[in-house]
4 protein chains.
Amino acid sequence: MARPKSEDKRIALLQAATVAIAQAGISASTASIARSAGVAEGTLFRYFATKDDLLNALYIWLKHDLGSIILQQVDFEAASPKQQLNSVWDNYIDWEITHPLANACMRHLAVSGKITQETEQQVANMFPELDRLCESRIRPIFREPPLRAFGDGLFLALAETTIDFAIREPQRAPVFKETGFETMWRALTNADNPA
Amino acid sequence: MARPKSEDKRIALLQAATVAIAQAGISASTASIARSAGVAEGTLFRYFATKDDLLNALYIWLKHDLGSIILQQVDFEAASPKQQLNSVWDNYIDWEITHPLANACMRHLAVSGKITQETEQQVANMFPELDRLCESRIRPIFREPPLRAFGDGLFLALAETTIDFAIREPQRAPVFKETGFETMWRALTNADNPA
Amino acid sequence: MARPKSEDKRIALLQAATVAIAQAGISASTASIARSAGVAEGTLFRYFATKDDLLNALYIWLKHDLGSIILQQVDFEAASPKQQLNSVWDNYIDWEITHPLANACMRHLAVSGKITQETEQQVANMFPELDRLCESRIRPIFREPPLRAFGDGLFLALAETTIDFAIREPQRAPVFKETGFETMWRALTNADNPA
Amino acid sequence: MARPKSEDKRIALLQAATVAIAQAGISASTASIARSAGVAEGTLFRYFATKDDLLNALYIWLKHDLGSIILQQVDFEAASPKQQLNSVWDNYIDWEITHPLANACMRHLAVSGKITQETEQQVANMFPELDRLCESRIRPIFREPPLRAFGDGLFLALAETTIDFAIREPQRAPVFKETGFETMWRALTNADNPA
DNA sequence: AATGAATGAGGCTTCATTCAT
DNA sequence: AATGAATGAAGCCTCATTCAT
């Protein structure tokens with residue numbers, strides 16, 4: 001098979017890279033990543049041909065992890081659409097709070113200029129059902145092509161800001177979560193049809 | 001006093017750094033910055049003792065430029081508070097659209113981990129009148145200490161997302177600007193007192 | 001275990017450093033050392049993490065070389081204590097005469113301020129039997145703690161001066177060696193018990 | 001006159017260089033020396049065309065200072081030759097103890113490889129009366145050309161070692177001074193004619 | 001005469017990647 | 001498949017010296 005020998009080592013490398021990049025930015029050296037993954041310097045390059053390849057694989061891996069956790073915990077039985085969206089919101093933020101290194105790492109990757117268009121595309125198509133769920137709760141103007149991406153962007157911006165504050169002051173996380181959600185709700189949904 | 005240290009060269013270095021960092025991130029080399037500023041590499045270090053010093057000075061310089069332009073163009077005669085805030089919003093976004101490199105550079109600096117607390121402080125205290133103007137238009141819950149910083153963060157997040165989209169698709173900038181502002185207004189102000 | 005780190009290269013680096021530092025002082029560049037050792041500059045830093053590390057390792061290496069040669073050639077069968085000490089003296093000076101670069105290098109290292117306490121300690125404990133042999137021949141006042149180190153210092157000072165002259169005028173080395181030894185004998189031993 | 005304007009500045013530069021080199025070795029930068037002398041970077045080069053020139057001038061200046069102090073305090077009325085030499089010995093060592101920076105600086109200069117033959121010559125001829133005084137007290141073998149320089153070297157070596165210990169443990173200086181002198185006396189003078 | 005801004009070569013060190021083992 | 005030694009380009013910064021002011 002094309003995949004190299006040990007999936008364990010691949011995961012170990014991705015995890016080590018997450019920690020290293022969270023702490024040192026993308027300038028974290030491949031040597032340090034390999035070392036904390038418990039493999040030799042050269043081995044890293046058998047799993048990822050290039051440092052940039054590692055960065056892109058890592059981005060996808062983290063996004064996938066995040067998305068699948070959110071999805072698997074959404075409360076589809078929730079009474080109202082608002083409650084359903086609130087469940088997504090909370091899961092999203094909870095995951096980031098419990099994975100602050102992953103969060104920091106993704107931020108670094110996102111602004112690194114190393115993530116290719118192709119990678120971004122792959123991530124965008126990763127969980128169509130999640131996108132659909134969010135969009136259906138959103139005010140009409142943000143639902144159609146011309147402003148759809150913009151709506152997504154605003155949603156993410158609010159969520160990420162909420163996460164920043166929640167990570168920085170964990171004991172106040174519930175307040176930030178709730179206030180953030182209500183703010184997003186006012187911002188992006190049809191206020192006339194609140195629930 | 002011999003040749004005085006040239007303000008022109010300082011500016012040239014800051015401008016060169018802005019471009020280089022916008023394109024290459026903070027890993028832009030001091031050599032490349034000096035070269036495109038038209039001075040020797042050693043000269044750079046007479047103006048900024050350290051690359052980190054340059055980064056901090058650059059951050060302050062860009063923020064100051066941005067803030068002073070916004071402030072000087074705010075329409076204090078505007079009929080309503082909403083219109084006043086809209087004027088700030090538009091000026092902010094217009095500046096960023098017309099200075100996409102400065103914008104990109106500031107993003108890189110902000111996440112670089114090289115900006116010191118002291119620099120952040122200096123920037124925070126730079127335009128108190130601007131802060132006051134924005135805050136007075138904001139809903140009460142975001143005006144008092146426990147959530148003030150959070151409110152600022154959400155405001156900035158929405159503005160920056162709007163800027164991102166406006167820079168990426170300049171011809172649609174007016175739509176993003178307006179939609180973004182209305183979204184922010186719903187999100188952060190007291191809807192009961194809409195104008 | 002891949003290629004093992006080559007002891008040959010380590011030695012080549014230490015030898016190259018000896019020559020370079022003998023000639024240029026500790027300001028000899030790592031580039032020049034690596035070049036004359038026949039390796040890439042980066043390689044030097046796989047063997048010695050830091051230039052200072054190289055300097056300390058070199059100091060230990062040279063002292064060890066010197067000490068072990070002296071020790072292995074001491075004439076323990078010599079009739080009198082004076083003759084035994086004379087054998088040490090001669091071996092010491094002969095080594096330095098035949099290794100003038102090593103000698104010059106050690107002088108530079110000794111005054112460089114880069115040799116750590118730990119390194120000095122390690123060197124001091126390197127050949128206890130040699131110390132013991134010298135001390136037992138020395139006059140009582142220099143044998144006990146308060147002045148022991150001082151006695152060692154004076155011994156070394158006389159030896160090093162003798163070496164300086166012997167290296168500078170090799171053909172007169174025997175005279176310097178003998179005169180130096182007799183001078184040291186008068187200076188540091190119990191004249192009442194001359195042989 | 002050929003001498004530049006201010007003798008004060010020349011002295012200030014020499015003093016500043018003494019301190020800087022004592023602490024940092026000859027790699028002390030000309031900029032730092034100029035700064036602590038209270039003059040501009042460029043000014044240093046109006047007094048000393050080159051860093052090497054400064055180093056040589058400094059060596060001569062320090063040696064002259066040392067020699068003239070010793071000479072002016074020698075007790076020519078002392079009863080015995082031994083007492084006269086003891087007076088030189090004590091003055092020498094006292095000067096170094098009270099000028100530890102000058103001492104450290106001279107050591108650095110002496111091994112720097114930057115002191116020219118010409119400078120060494122000039123220093124050697126600086127105080128012929130002092131040389132004569134010391135030599136006349138010395139055992140015959142060290143008085144005639146073949147071994148005269150060697151005798152001087154041994155004398156200096158013992159003195160400098162004594163100084164090292166006296167500077168390192170100032171409260172025990174008197175013991176080192178006396179023991180050192182007696183050792184030198186045994187080593188270099190005619191024991192048969194002790195006083 | 002004095003200043004200090006400007007220079008650019010050179011120093012130490014890091015790092016992604018290759019390749020012998 | 002895995003290792004880690006080897007590489008050399010590139011990065012940041014220092015410094016003696018020059019020269020415009």
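All chains are named by letter (A, B, ...) in the order of the sequence lines, taking the proteins before the strands, and each is independently numbered beginning at 1.
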Ignoring hydrogens and geometry, is there a side-chain-to-backbone donor-acceptor pair from [X] to [Y] under 3.5 Å?
{"X": "S29(B)", "Y": "S32(B)", "value": "yes"}
{"X": "S6(B)", "Y": "D8(B)", "value": "yes"}
{"X": "K5(B)", "Y": "R46(B)", "value": "yes"}
{"X": "T43(D)", "Y": "V39(D)", "value": "no"}
{"X": "S68(B)", "Y": "H64(B)", "value": "yes"}
{"X": "K51(A)", "Y": "I26(A)", "value": "yes"}
{"X": "T50(D)", "Y": "D52(D)", "value": "no"}

Review item, nucleotides 11-15 of chain E N/O atoms under 3.5 Å of protein N/O:
unit_1	atom_1	unit_2	atom_2	d
dC12(E)	OP1	K51(C)	NZ	2.6
dC12(E)	OP2	T30(C)	N	2.7
dC12(E)	OP2	T30(C)	OG1	3.0
dT13(E)	OP2	K51(C)	N	2.7

Review point. Shortest non-hydrogen contact from L109(A) to S112(A)?
Key: O-OG, 2.8 Å
Review point. Do K9(D)'s NZ or CZ and the ring of Y47(D) fall within the cation-pi criteria of under 6.0 Å and 45°?
Key: no
Distance, rounded to the nearest Å, where [X] contributes [atom1] and [N] contributes [atom2]:
{"X": "R35(B)", "N": "dT7(E)", "atom1": "CZ", "atom2": "P", "result": "14 Å"}
{"X": "L44(D)", "N": "dG4(E)", "atom1": "CG", "atom2": "C1'", "result": "13 Å"}
{"X": "L55(D)", "N": "dA16(F)", "atom1": "CG", "atom2": "P", "result": "10 Å"}
{"X": "F48(B)", "N": "dC12(F)", "atom1": "CZ", "atom2": "P", "result": "15 Å"}

Check your understanding: Which part of the nucleic acid does Y47(C) contact within heavy-atom distance under 4.0 Å: base, sugar-phosphate only, or nothing?
Key -> sugar-phosphate
Review point. Taking only N and O in the side chain of R46(C), is any of them less than 4.0 Å away from OP1 or OP2 of dA6(F)?
Key: no
Exercise for review: List the steps, then state whether side chain to side chain donor-acceptor pair (under 3.5 Å) holds for E41(B) with T30(B).
Suggested key: CA-CA 7 Å; E41(B) 192 171 4; T30(B) 52; 2.8 Å; yes
Exercise for review: Evaluate the side-chain proximity of M126(D) to I60(D): yes if any heavy-atom separation is below 4.5 Å, no if none is.
Suggested key: yes
Review point. Where along residues 5-22 of chain B does a heavy atom come under 4.0 Å from DNA chain E, residue by residue in number order?
Key: K5(B), K9(B)
Review point. For DNA chain F, which consecutive runs of 3 or more Watson-Crick or G-U pairs (each distance under 3.5 Å) count as stems?
Key: E:2-21 with F:2-21
